[in-house]
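Values below: every heavy atom of this structure, side chains too, minus hydrogens, waters and symmetry copies. Chain letters run A, B, ... following the sequence lines, proteins first, then strands; residues in each count from 1.
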2 protein chains.
Amino acid sequence: MIETFAALADPNRFRIVELLRSGPHAVNDIGERLQLNQPQVSKHLRVLKEAGLVDVQPRAQQRLYELRAQPLRQLHEWLERYHQLWDERFEAMDELIQELQQEEKSHGRSKK
Amino acid sequence: MIETFAALADPNRFRIVELLRSGPHAVNDIGERLQLNQPQVSKHLRVLKEAGLVDVQPRAQQRLYELRAQPLRQLHEWLERYHQLWDERFEAMDELIQELQQEEKSHGRSKK
DNA sequence: CGGACATATGTCCTGATGGGCATATTGTGG
DNA sequence: CCACAATATGCCCATCAGGACATATGTCCG
């Protein structure tokens, strides 16, 4: 999970991932489209690969890199544990908490 | 988006976020639970706050930090653009692509 | 087999970041 | 208003990561 975040935290890697969303791409292709030097692309792809975010596939003398679903799916699952945070139900509860805190601020503790 | 990833890419910040999922916490409280020095906690909270992931609320002489939904919701939206990646539909298409590549490997291009 | 193309790796430099520690700041209650 | 509790900042250090550049590795084709 952390490795996924770390991999996506770099702007250029993020751009690469976004590019790969449209399908597999070769290293040079990525470099040209994103205006990056080839070695940098390779290095970023390495990080992405070690994070499990991409997969390689030899294709003549080029390597086609493509996105892998697993880490993103996993990220999605992690996020779901936070879903309650943006439920309306929760937002109402949020207000309730604020209210309680307000109360405790004015008087030590009372009301029921 | 990138700032969100960067904020979550640090192990201790990640732990803080996970802790805050259960509700607002004071700085010292976080420090004790996660076994971190107070200054470190404050610094991490600062990063989280600048990333919009948490919000502060004074409470006597302590500060209660709580999670904010927005960045997580945003992250969720971003992820949805990748949903096709793990649809069965897409996985079938994936195989098709592999197949095509196999073909092109063996013979320049044929079969229809 | 040799050269050309595509990609990977190594080195060097620099800026950013986390941790530890000391210290400043701020709010609170008496 | 003071002393203290809770938190924020500043400073120093060590580590790390990304960029530029040179070079190694690998693969296909004539």
Side-chain angles (χ1 to χ4, degrees), chain A residues 2-20 24-51 53-66 101-109, chain B residues 2-20 24-51 53-66 101-109:
Chain A
I2 298 231
E3 207 179 358
T4 303
F5 286 132
L8 294 170
D10 177 80
N12 286 327
R13 274 193 304 265
F14 184 81
R15 289 168 66 206
I16 292 179
V17 168
E18 292 265 87
L19 175 58
L20 291 187
H25 286 264
V27 179
N28 270 338
D29 188 18
I30 297 174
E32 286 168 21
R33 297 196 195 233
L34 304 187
Q35 292 281 86
L36 298 173
N37 297 328
Q38 177 267 316
Q40 279 320 82
V41 179
S42 285
K43 285 181 191 171
H44 283 311
L45 285 171
R46 196 211 240 274
V47 176
L48 289 174
K49 185 172 177 208
E50 284 174 351
L53 273 163
V54 302
D55 215 348
V56 211
Q57 220 180 306
R59 158 71 149 228
Q61 61 264 65
Q62 31 186 21
R63 306 293 146 105
L64 292 188
Y65 282 84
E66 66 179 347
Q101 289 175 342
Q102 278 295 77
E103 267 179 59
E104 254 182 272
K105 186 168 231 154
S106 36
H107 37 284
R109 171 214 305 193
Chain B
I2 297 230
E3 207 180 359
T4 303
F5 286 131
L8 294 170
D10 178 80
N12 286 327
R13 275 196 301 267
F14 184 80
R15 290 169 64 207
I16 292 179
V17 168
E18 292 266 88
L19 175 58
L20 291 187
H25 287 264
V27 179
N28 270 337
D29 189 17
I30 298 174
E32 286 168 21
R33 296 195 196 235
L34 304 187
Q35 292 281 87
L36 298 172
N37 296 328
Q38 177 267 316
Q40 278 321 80
V41 178
S42 285
K43 286 179 192 173
H44 283 312
L45 285 171
R46 193 201 238 286
V47 175
L48 289 174
K49 184 169 177 212
E50 284 174 350
L53 273 164
V54 301
D55 215 349
V56 209
Q57 220 180 304
R59 158 74 148 225
Q61 61 264 68
Q62 29 185 22
R63 307 293 146 103
L64 292 188
Y65 282 85
E66 65 180 348
Q101 288 175 342
Q102 277 297 78
E103 267 178 60
E104 255 182 90
K105 186 169 235 154
S106 35
H107 36 285
R109 172 215 303 193

Novice: Quick one: does D10(B)'s side chain have a donor or acceptor within less than 3.5 Å of a partner on N12(B)'s backbone?
Specialist: yes

Novice: To the nearest 0.5 Å, how far apart are CD1 in I30(A) and CG in L64(A)?
Specialist: 9.0 Å

Novice: Within less than 4.0 Å of OP1 or OP2 of dA5(D), is there a side-chain N or O belonging to N28(B)?
Specialist: no

Novice: Rounded to whole Å, how long is the line connecting atom CG of D29(B) with atom C1' of dT7(D)?
Specialist: 14 Å

Novice: Would you please confirm or rule out a distance under 4.0 Å between OP1 or OP2 of dA8(D) and any side-chain N or O of R46(B)?
Specialist: no

Novice: Roughly how far, to the nearest 0.5 Å, is the CD atom of Q40(A) from the CZ atom of R13(A)?
Specialist: 10.0 Å

Novice: Looking at CG of D55(B) and CG of L48(B), how far apart are the two atoms once the value is rounded to the nearest 0.5 Å?
Specialist: 12.0 Å

Novice: So L19(A) and H25(A), side chain to side chain contact (heavy atoms under 4.5 Å, CB included) or not? Walk me through it.
Specialist: CA-CA 8 Å; L19(A) 175 58; H25(A) 286 264; 3.9 Å; yes

Novice: How long is the span from the CG atom in L34(B) to the NE2 atom in H44(B), to the nearest 0.5 Å?
Specialist: 10.0 Å

Novice: Rounded to the nearest angstrom, tell me the gap between atom CD in Q62(B) and atom P in dA8(D).
Specialist: 11 Å

Novice: Protein within reach of the bases, or only the backbone? For nucleotides 11-24 of chain D, mark each nucleotide 5' to 3' as B, S or -, using heavy atoms under 4.0 Å.
Specialist: B------SBBBB--

Novice: Just how far, in rounded Å, is P of dC4(D) from CD of Q61(B)?
Specialist: 14 Å

